[in-house]
Amino acid sequence: SDVCSSDLFPSHDKAVGLTHPVQWIEDRAEAICFALTTAQPDDVILLAGKGHERYLDVQGAKKFFDERKIVTNFWKDKEHVDAQATSTGN
């Protein structure tokens, strides 16, 4: 989707000692794309916990999932969009 569906949990943020809001996005692929889209120069994005696995366990069912492909496809799509914008003068 072009807009990440997410909720802010300000009470949770305070409970864990954070001073800024946390974006909660349940769909892992959507969360990765959100992080890549909103990152600023010098930001670090850490994808922890699933990189070595090729599936997600969703309510007891294994679903194919590869973080590396999500990131690779994100950058390929971005390069394609950037190239189109350059060629059309946008």
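Remember, predicted model here, so these are calculated numbers, not experimental data.
One hydrophobic cluster, built from ILVMFWY side chains closer than 4.5 Å, cannot hold both Val58 and Phe64; they sit in different ones. Note on Ile45 and Phe74: same hydrophobic cluster, where clusters join Ile, Leu, Val, Met, Phe, Trp and Tyr whose side-chain heavy atoms are under 4.5 Å apart, directly or indirectly.
Here the NZ-CG distance, from Lys62 to Leu56, works out to 11.5 Å after rounding to the nearest 0.5 Å. Once rounded to the nearest 0.5 Å, the distance linking OG1 of Thr38 with CG of Asp43 reads 8.0 Å. Rounding to the nearest 0.5 angstrom, the gap separating the CD1 atom in Ile32 from the NZ atom in Lys69 is 14.0 Å.
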side-chain contact (heavy atoms from CB on, under 4.5 Å) between Val71 and Leu47, worked out: CA-CA 10 Å; Val71 173; Leu47 305 178; 3.8 Å; yes
